[in-house]
Amino acid sequence: MSYGPPLNSGISSDTWDTMSDADRARIDQTMREHAQIRAHATARYYEEMDRSGAGCPPWQNAPPHVRDYYLKDALYELKPRYVAMPDVERERPRIVEATLEGHSRRYARVVQRIRTATKYVLYFAFAGLTVLLLWLAVTAPLSQSLQPIAAPSRVVLAADGQPIARRGAVRAEPVDVLELPPHVSQAFVAIEDRRFYRHPGIDLYGVSRAMFRNWSAGGLREGGSTISQQLAKTSFTGGDRTITRKAQEALITLWLEAWLSKEEILSRYLSNVYFGNNVYGLRAAARFYFSIEPEELTLSQAALLAGLVNAPNRLAPNRNLDGARGRAALVLQTMDESGFITAEERDEIRPARLRLASRSTVPTGTYFADWVLAGAQERDQDDYGEQQIKSTLEPDLQRAAIAAFRDARLAGHQAALVAMRPDGRVVAMLGGRDYARSPFNRATQARRQPGSTFKLFVYLAALRAGMTPDTLIDDSPITTGAYRPRNSDGVYRGEIPLHDAFAYSSNVAAVRLAERVGLANVIRAARDLGVTARIPSDDPSIALGTVDVSLTEMTAAYAAIASGRYPVVAHGDTGGDEGRGIVGRIVGSMTGEGNGRSDPAFDAMREMLAYAATKGTGRAAALPVVTYGKTGTTQDYRDALFIGFAGDLVVGVWVGNDDNTPMPRVAGGGLPARLWRSFMIRALELQER
């Protein structure tokens with residue numbers, strides 16, 4: 001069948017495109033037959049006239065009865081399907097005319113139905129939109145358009161529902177942009193909403209641009225909210241990302257634009273926006289970060305504060321000054337591009353220096369609460385009003401940890417403990433001996449060398465390579481380039497099985513084993529079990545734990561061995577799963593998301609951990625029940641660790657000094673192992689009650 005209407009059919013291309021395949025096929029075949037019959041008749045006519053020798057007129061001038069004779073002969077010989085004798089003299093056969101007439105009638109009926117349906121759809125859409133706007137007008141808090149909702153606060157609840165910590169917002173008096181230096185408002189407009197003074201509250205161009213860039217990036221990379229929309233969200237609708245909230249937000253945005261000037265909208269926005277560290281509003285932020293009033297902000301200071309709005313907790317300059325300054329540089333660049341400053345002015349600006357305001361009291365909470373709240377704030381940038389965070393902390397186990405610390409003879413050293421279930425739920429945590437004196441969390445924030453506890457990954461890589469706990473390894477001195485490791489006890493045992501080398505924590509055996517299986521496989525084992533620290537791929541000393549890693553991360557790696565699946569992510573609140581909603585949890589359960597992966601080498605690894613905790617360097621930690629664990633001691637006794645598990649608890653203990661000075665003869669099999677056992681004995685007693 002041809003792609004366009006047949007020649008001499010008189011059918012336009014538009015009509016041809018709207019016809020059905022059956023109609024097009026019928027017409028195409030009919031016109032082919034019509035052309036073939038006429039061509040055959042004409043050819044026979046000229047052939048016989050030439051044979052008779054008589055002169056003959058052209059076909060079109062031949063008598064009708066002569067043409068009929070040859071046409072009938074062609075019909076008889078070709079036997080067409082659609083063409084009859086009355087059709088051959090016509091330019092367009094009757095069946096083509098009939099098909100076109102039928103198509104026209106059907107097409108007219110379809111067009112009429114579409115017009116009728118479109119009319120009703122428009123009627124219903126208009127009615128629905130009217131009802132929706134009325135409903136939004138009733139439910140949206142337009143009557144509160146000049147009163148912000150409650151200041152944000154967070155309450156951390158223990159696993160039994162009892163509150164254990166509370167954080168409130170830091171606020172100050174509102175600001176008036178007309179009283180601020182021009183560069184302050186310009187910095188926020190440049191980075192947050194360049195078209196602020198030109199759009200009616202909702203920037204369709206900005207939304208389209210953000211959608212295109214997100215589509216190009218394959219994910220959410222940029223938002224299209226204007227300053228007016230952000231004010232509507234922060235002050236009136238809250239941070240919910242439901243369709244209803246978004247619709248209410250749009251309505252309130254238009255309401256604000258109708259009743260307030262651009263300067264008033266910007267003033268209210270700057271007076272409510274979040275700047276990290278639980279600080280809300282420009283005045284409170286200027287006082288907290290620079291100890292000045294917002295009317296005194298320099299250009300570099302204004303740029304730094306404007307840059308925080310995008311990710312206030314991640315970029316908070318008291319914790320991430322480099323990140324905050326990098327974002328401030330981007331603000332200055334956008335100010336240059338927007339015409340607020342010149343390139344020369346931008347190049348002359350020096351990075352802002354912090355001058356943090358002193359706080360009168362230590363924030364309410366503990367090491368665990370600080371850790372949970374930091375994670376919740378990082379995840380939920382847009383929460384407003386009071387938010388309750390249900391945590392995984394078990395108060396009885398937390399008290400057991402405090403009692404174990406109290407009874408331990410730390411001799412002025414610092415210590416940290418983290419206890420979790422095999423699935424990563426942290427049930428107890430101490431980041432130091434005294435939170436009031438030092439809220440720095442040594443369990444989560446400190447990154448120290450893990451010593452021989454890192455050998456877990458070396459031996460796991462060996463088991464994955466097909467070795468067994470009985471495979472022999474040479475425990476004799478070794479030199480690798482300029483590196484010459486030594487056993488801490490000075491004893492070398494020659495050929496010994498892997499389980500003995502692991503239990504006695506042989507350094508030379510670990511280095512030799514890492515070389516045999518390859519450092520890349522050791523690193524892969526560490527990565528599989530959740531270690532995110534930078535690990536050099538060409539340093540044999542990593543087998544002895546010379547990388548810097550947090551105690552919590554190392555304990556989570558041991559939790560993977562205990563649970564039989566990896567990786568395990570330490571977490572202290574249930575918001576990560578509950579925040580997904582019921583649909584997300586159902587999909588996750590159907591796809592197996594969050595269940596991790598199994599490893600057949602884990603059984604042998606547990607066997608070696610049990611041997612190390614009962615026959616090796618971890619004997620001081622042995623419990624009345626089956627005990628698994630590994631000691632770790634770094635060079636010059638700067639860090640001492642014991643990480644292990646029993647029952648359904650995985651616990652890591654670290655002892656050291658904040659200034660990284662040595663601890664005379666404090667090894668992982670001594671004080672940390674005893675502290676670990678002291679806590680676990682109490683935990684087992686609680687379990688038996």
Side-chain angles (χ1 to χ4, degrees), residues 152 169-194 196-197 222-223 227 230-231 234 263 266-360 363 374 377-378 381-382 439-440 445:
V170 178
R171 286 189 177 275
E173 301 80 9
V175 298
D176 183 348
V177 295
L178 297 179
E179 297 178 0
L180 299 174
H183 57 252
V184 175
S185 59
Q186 291 169 355
F188 285 89
V189 169
I191 194 65
E192 289 296 310
D193 187 1
R194 293 193 197 185
F196 173 68
Y197 289 102
E222 180 179 326
I227 285 178
Q230 293 180 54
L231 175 61
T234 59
E263 289 73 18
L266 188 56
S267 296
R268 295 177 188 279
Y269 169 75
L270 294 178
S271 298
N272 288 280
V273 71
Y274 181 48
F275 288 94
N277 288 291
N278 245 9
V279 174
Y280 290 80
L282 183 62
R283 189 171 301 279
R287 291 173 177 173
F288 179 79
Y289 290 114
F290 302 116
S291 300
I292 60 174
E293 295 300 320
E295 292 80 7
E296 306 170 54
L297 286 169
T298 65
L299 177 55
S300 61
Q301 292 170 338
L304 187 140
L305 293 180
L308 297 185
V309 176
N310 177 259
N313 289 304
R314 178 172 59 83
L315 296 175
N318 58 321
R319 297 193 299 268
N320 183 10
L321 183 58
D322 289 341
R325 284 178 170 174
R327 180 72 177 175
L330 178 61
V331 173
L332 293 172
Q333 179 182 331
T334 60
M335 293 182 71
D336 177 14
E337 294 170 353
S338 301
F340 293 131
I341 60 175
T342 64
E344 291 75 15
E345 290 174 321
R346 183 192 67 189
D347 294 338
E348 292 175 358
I349 296 172
R350 303 274 73 84
R353 291 178 175 271
L354 296 184
R355 187 182 176 189
L356 297 174
S358 59
R359 287 181 169 177
S360 58
Q377 290 175 343
E378 183 71 23
Q381 299 277 358
D382 298 324
F440 178 73
Q445 294 175 287

Colleague: List the steps, then state whether side chain to side chain contact (heavy atoms under 4.5 Å, CB included) holds for F288 with N278.
Modeller: CA-CA 10 Å; F288 179 79; N278 245 9; over 6 Å; no

Colleague: Taking only residues two or more places apart in sequence or in another chain, which ones pass side chain to side chain contact (heavy atoms under 4.5 Å, CB included) with A187?
Modeller: A302, A306, V331, M335

Colleague: From the options L304, I191, V309, select the one residue that forms a side-chain contact (heavy atoms from CB on, under 4.5 Å) with R327.
Modeller: I191

Colleague: Given side chains that start at C-beta, do those of F340 and T334 come closer than 4.5 Å, heavy atoms only?
Modeller: no

Colleague: Tell me the closest heavy-atom pair linking S185 and P182, and the distance in Å.
Modeller: OG-O, 3.2 Å

Colleague: Return all side-chain donor-acceptor pairs below 3.5 angstrom for residues 173-181, not counting sequence neighbours, or 'none' if the list is empty.
Modeller:
| unit_1 | atom_1 | unit_2 | atom_2 | d |
| --- | --- | --- | --- | --- |
| E173 | OE1 | R287 | NH1 | 3.4 |
| E173 | OE1 | R287 | NH2 | 3.1 |
| D176 | OD1 | L178 | N | 3.0 |

Colleague: Tell me every residue that passes side-chain hydrogen bond (donor to acceptor under 3.5 Å, both in side chains) with Q445, counting only those two or more places apart in sequence or in another chain.
Modeller: none

Colleague: With sequence neighbours excluded, what pairs up with D336 under the salt bridge (charged side-chain N to carboxylate O under 4.0 Å, His left out) test?
Modeller: R346

Colleague: Is there a side-chain contact between L308 and V273 in this structure, where contact means two heavy atoms from C-beta onward sitting under 4.5 Å apart?
Modeller: no

Colleague: Only counting residues at least two apart or in another chain, list the ones meeting side-chain hydrogen bond (donor to acceptor under 3.5 Å, both in side chains) with Q186.
Modeller: none

Colleague: If a pair satisfies salt bridge (Lys or Arg N to Asp or Glu O under 4.0 Å) and one of its residues is in residues 294-305, list it, with sequence neighbours excluded.
Modeller: R283-E295

Colleague: Restricting to side-chain hydrogen bond (donor to acceptor under 3.5 Å, both in side chains), what partner residues turn up for T298, sequence neighbours left out?
Modeller: S300, Q301

Colleague: Applying salt bridge (charged side-chain N to carboxylate O under 4.0 Å, His left out), can you list everything that pairs with E337, at least two apart in sequence or on another chain?
Modeller: R194

Colleague: To the nearest 0.5 Å, how far apart are CD1 in I349 and CG in L299?
Modeller: 3.5 Å

Colleague: Looking at CZ of F188 and CD1 of I227, how far apart are the two atoms once the value is rounded to the nearest 0.5 Å?
Modeller: 9.0 Å

Colleague: What is the distance from atom CD1 of I292 to atom CG of L297, rounded to the nearest 0.5 Å?
Modeller: 4.5 Å

Colleague: Return the set of residues passing side chain to side chain contact (heavy atoms under 4.5 Å, CB included) with A285 (not counting sequence neighbours), or none when no residue passes.
Modeller: F275, V279, Y289, L305

Colleague: Listed by chain and number, what are the side-chain hydrogen bond (donor to acceptor under 3.5 Å, both in side chains) partners of R325, not counting sequence neighbours?
Modeller: none

Colleague: Measuring from L321:CG to L315:CG, what's the distance to the nearest 0.5 Å?
Modeller: 11.0 Å

